[in-house]
Amino acid sequence: MIEFQDVKKVYQTKKQTVEALKCINLTVEKGDIFGVVGYSGAGKSTLIRLVNLLEQPSDGSVIVGGKDLTKLSPKELRAEKKKSG
Ligand SMILES: Nc1ncnc2c1ncn2[C@@H]1O[C@H](COP(=O)(O)OP(=O)(O)OP(=O)(O)O)[C@@H](O)[C@H]1O
Ligand SMILES: [Mg+2]
């Protein structure tokens, strides 16, 4: 199961602050197939990069298989990343 709880992602560049994801809550049960649809710049790629913590959320929790990935040590996170793709 994949669960997002109040996930936010903010990109800070020299010129601007971009709120790419604002308060995302979703649950994907084991075996479910989801598509992510939206306009260019809606945040689809950002959302997917957060599923296995290729990027860290600015706030909120990403829970995969019962583990909150945002709370793992770098070593534990590396082990979890090997299980996802
Ligand atoms: N590394 C980054 N630094 C700064 N802003 C970023 C970064 N990555 C994404 N963004 C911004 O975050 C927002 C969401 O981008 P994202 O790439 O997730 O959208 P997308 O839905 O995948 O778009 P597309 O359909 O064009 O692939 C956009 O405003 C984008 O400019
Ligand atoms: Mg994209």
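No hydrogens, no waters, no symmetry mates; every other heavy atom, side chains included, goes into these values. Atoms within a ligand are numbered from 1 in the order they appear, just like the ligands themselves.
Within ligand 1, counting atoms from 1 as listed, the ones closer than 4.0 Å to a heavy atom of A20 are 12 (O), 13 (C). The Y39 neighbourhood of ligand 1 comprises atoms 21 (O), with distances under 4.0 Å to a heavy atom of that residue.
Side-chain N/O atoms of Y11 and S58 include no donor and acceptor closer than 3.5 Å. Side-chain contact, E76 with S73: a donor N or O sits under 3.5 Å from an acceptor N or O.
Between the side chain of N25 and the backbone N or O of D6, at least one donor-acceptor pair lies under 3.5 Å. The main-chain N or O of V37 is never found under 3.5 Å from a side-chain atom of K44 such that the two would form a donor-acceptor pair. K9 places a side-chain N or O within 3.5 Å of a backbone atom of Q56 that can act as its donor or acceptor partner.
Distance check for S40 against the Mg ion (ligand 2): none of its N/O/S atoms falls below 2.8 Å.
K8 and E19 are not joined by a salt bridge, as no carboxylate oxygen comes within less than 4.0 angstrom of a charged side-chain nitrogen.
Residue-to-ligand polar distances keep G38 apart from ligand 1: every N/O pair is separated by 3.5 Å or more. Looking at ligand 1, you'll find an N or O of G43 within less than 3.5 Å of one of its N or O atoms. Of the N or O atoms in K44, one or more lie within a sub-3.5 Å distance of an N or O in ligand 1.
Counting only heavy atoms of the protein, atom 27 (O) of ligand 1 lies nearest to S45 OG, 3.9 Å. The nearest protein atom to atom 30 (C) of ligand 1, hydrogens excluded, is given as V18 CG1, 4.7 Å; this is a heavy-atom distance. In this structure, the protein non-hydrogen atom closest to atom 14 (C) of ligand 1 is G41 O, 3.4 Å. In this structure, the protein non-hydrogen atom closest to atom 16 (P) of ligand 1 is T46 OG1, 3.7 Å. For atom 26 (O) of ligand 1, the nearest non-hydrogen atom of the protein is S40 OG, 2.6 Å. For atom 6 (C) of ligand 1, the closest non-hydrogen atom of the protein is Y11 CD1, 3.3 Å.
Note that CZ of R49 is 4.5 Å distant from CD of E55, once rounded to the nearest 0.5 Å.
Side-chain contact between V51 and F4 is present, with at least one heavy-atom pair separated by less than 4.5 Å.
Contacts between T13 and ligand 1 below 4.0 angstrom, taking non-hydrogen atoms only, involve the side chain exclusively.
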Inset, instruction - Show your reasoning for whether side-chain contact (heavy atoms from CB on, under 4.5 Å) applies to N52 and V64. - result: CA-CA 8 Å; N52 65 354; V64 179; over 6 Å; no
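Remark: distances from the non-hydrogen atoms of A42 to ligand 1 include one below 4.0 Å.
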